[in-house]
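Heads up: the structure comes next, in structure tokens.
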Amino acid sequence: MTKFSAFNVARNAFSASKSWPKQWRNPEPRASYDAVIIGGGGHGLGTAYYLAKEHGLTKIAVVEKGWIGGGNTGRNTTIIRSNYLYDESAGIYEHSVKLWEKLSQELNYNVMYSPRGVLMLAHNVHDVQSSMRHVYADRLNGVDNEWLSPEECKAFCPPLNISNNIRYPVMGGALQRRGGVARHDAVAWGYARGADRLGVDIIQNCEVLRIDRDAAGTVSGIETTRGYIKTAKVGVVAAGHTSVVMERAGLRMPLESFPLQALVSEPIKPIFPCVVMSNTVHAYISQSDKGELVIGAGTDQYISYSQQGGLHIAAHTLEAICELFPQFRRMRMLRNWGGIVDTTYDRSPILSKTSIPGLYVNCGWGTGGFKATPGSAHVFAASMANDEMHPIAAPFSLNRFQSGRLIDEAAAAVAH
Amino acid sequence: MLLIKCPHCGERPEIEFHCGGEAHIARPLDPSQLDDVQWAELLFYRANTKGVMAERWNHLHGCQRWFNALRNTVSDKILRTYMMGEPRPYIGGEAQGAATGTLSYPAPGERSK
């Protein structure tokens, strides 16, 4: 594996960059592994990376039904922030932001993490009170979050329309300056490259058909479309398809999967300096380094695996965008797509052991999993390696649905 | 946007409706006898079917009545709508019940919106 450095970039320039080696192998699955991760998105690849790097497991496979990073990792709007209301949420998302800050160096791969600031708008008195509560709660948790007046919002994000003549005028906003965006594909590729270098087998086009148990009830192996793999540890990190995969181990999950849409516009010159989110009018917008406006829309109301949503959902968001940023009214949208997001009742993720020893699950990230990629992978790997949930992950266990200790970010009006 | 046939009013656009999630979940006859595991199962655990599922819909901005629908969650095609209280109809040739065994996506022309 060639390390990326200024020297190597210059050296490869002489061969028109044709002599770079493949970034990861394409191995045939072996007969057995110490641990198998099901799902080759950012969370799954990251889990394999940290299992190999920090916990010394050497025989690890990531099995992926399609291609790596082809699910929600490649379909999200790349927003990163950690200004959540509850302690448990702030804990895991802040852990993640801290890893984001050093991820490019860690992986020797530029994930283009850009802490350009995430501004969450308030449009009514309730929004203002709720945002203030978030700001104070975050400060107690050591998470940066500050309140801006409408004029300060305008100064931070000049395209924003703060006039009183719109249906939902901007009454202020909560700003997390360390929030921002990163390049989504690079996260999957960086973790894949790093994991591969540590000996992890990344097996693509390999669908899991069955998860087997031995006589004692613990995990013994998985049947896949590319043969049987013996293993005593399985981590399911399958996002929208978690229910489908877990059913192959005979387990039901407290999940519902919905299509979540996003759009990008035609590319334009740099105009948008930050990320703006508005939960009230359903508008999420930033500008990519290519110049496209990246816009997040909402979910459909019904369970679906179609990876496309209703046009009225996207139109609703575009109406809000056009009101908040009237200068974008004549822009054309280039692409519109959907991803299948697995949501829990309390809109908090599940990182948990299951009733089957050796079977672990990391899912339920709903509409906001991208930001959590490094933190989720890091604590999930530790939990799998030690067979005990990491303290940051422990509150997100499946047990909370029995004990009633929900982490109710849904009631905290979270949008991701 | 889905075109949904309300059994009372006929075909109407999706924005008139509210989706109520999985249908035919049996409520406990004696709730006081349920333990925490059973309550969790009832309140939070769902089939989340990939394939044909039965779900409840409310014609919120129409007759405001509830009904059930059979819908394929891969193609989003609604196969049948039927009255509340009726048993789930059998649809020949379609996988019934929980998440399907093999994953199959519809051909592009098959999508029905």
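Chain A is the first sequence line, chain B the second, and so forth, proteins listed ahead of strands; every chain is numbered from 1.
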S306(A) and V74(B): which non-hydrogen atoms are nearest, and at how many Å?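 Taking S306(A) first and V74(B) second, the nearest heavy atoms are CB-O, 3.4 Å.
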What heavy-atom pair brings S243(A) and A47(B) nearest, and what distance separates the two atoms?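 Closest pair (atom of S243(A), atom of A47(B), distance): CB-O, 4.3 Å.
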About how many Å separate [atom2] of [Y] and [atom1] of [X], when rounded to the nearest 0.5 Å?
| X | Y | atom1 | atom2 | value |
| --- | --- | --- | --- | --- |
| C19(B) | D300(A) | SG | CG | 10.0 Å |
| Q402(A) | L43(B) | CD | CG | 11.5 Å |
| E256(A) | T73(B) | CD | OG1 | 11.5 Å |

Is K50(B) salt-bridged to E247(A), cutoff N-O under 4.0 Å?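 No.
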Is the CZ atom of R405(A) crowded by more than 12 outside heavy atoms at less than 6.0 Å?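 For R405(A), atom CZ is not crowded (no more than 12 foreign heavy atoms under 6.0 Å).
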Residue Y82(B) excluded, over 12 heavy atoms near OH under 6.0 Å: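 Correct, the count exceeds 12.
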Is chain B contacted by the side chain of L251(A), its backbone, both, or neither, given a heavy-atom distance below 4.5 Å?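 Nothing of L251(A), per the 4.5 Å heavy-atom cut-off to chain B.
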Proximal component of L255(A), with respect to chain B [non-hydrogen, under 4.5 Å]: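 Both parts, backbone and side chain.
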Are side-chain heavy atoms of [X] and [Y] found at a separation under 4.5 Å?
| X | Y | value |
| --- | --- | --- |
| R71(B) | S304(A) | yes |
| F44(B) | L398(A) | no |
| H312(A) | I15(B) | yes |
| E14(B) | Y302(A) | yes |

Is it the case that the side chain of R252(A) and the backbone of Y45(B) share a donor-acceptor pair, with hydrogens and angles ignored and the cut-off at 3.5 Å?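 Judged by distance alone, yes, a pair lies under 3.5 Å.
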Check: N48(B) side chain, S257(A) main-chain N or O, donor-acceptor pair, under 3.5 Å: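 Yes; judged by distance alone, with no hydrogens or angles, the pair exists.
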Please output the residues of residues 25-39 of chain B in contact with chain A, using a heavy-atom cutoff of under 4.5 Å, in numerical order.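 Contacts with chain A: D36(B), V37(B).
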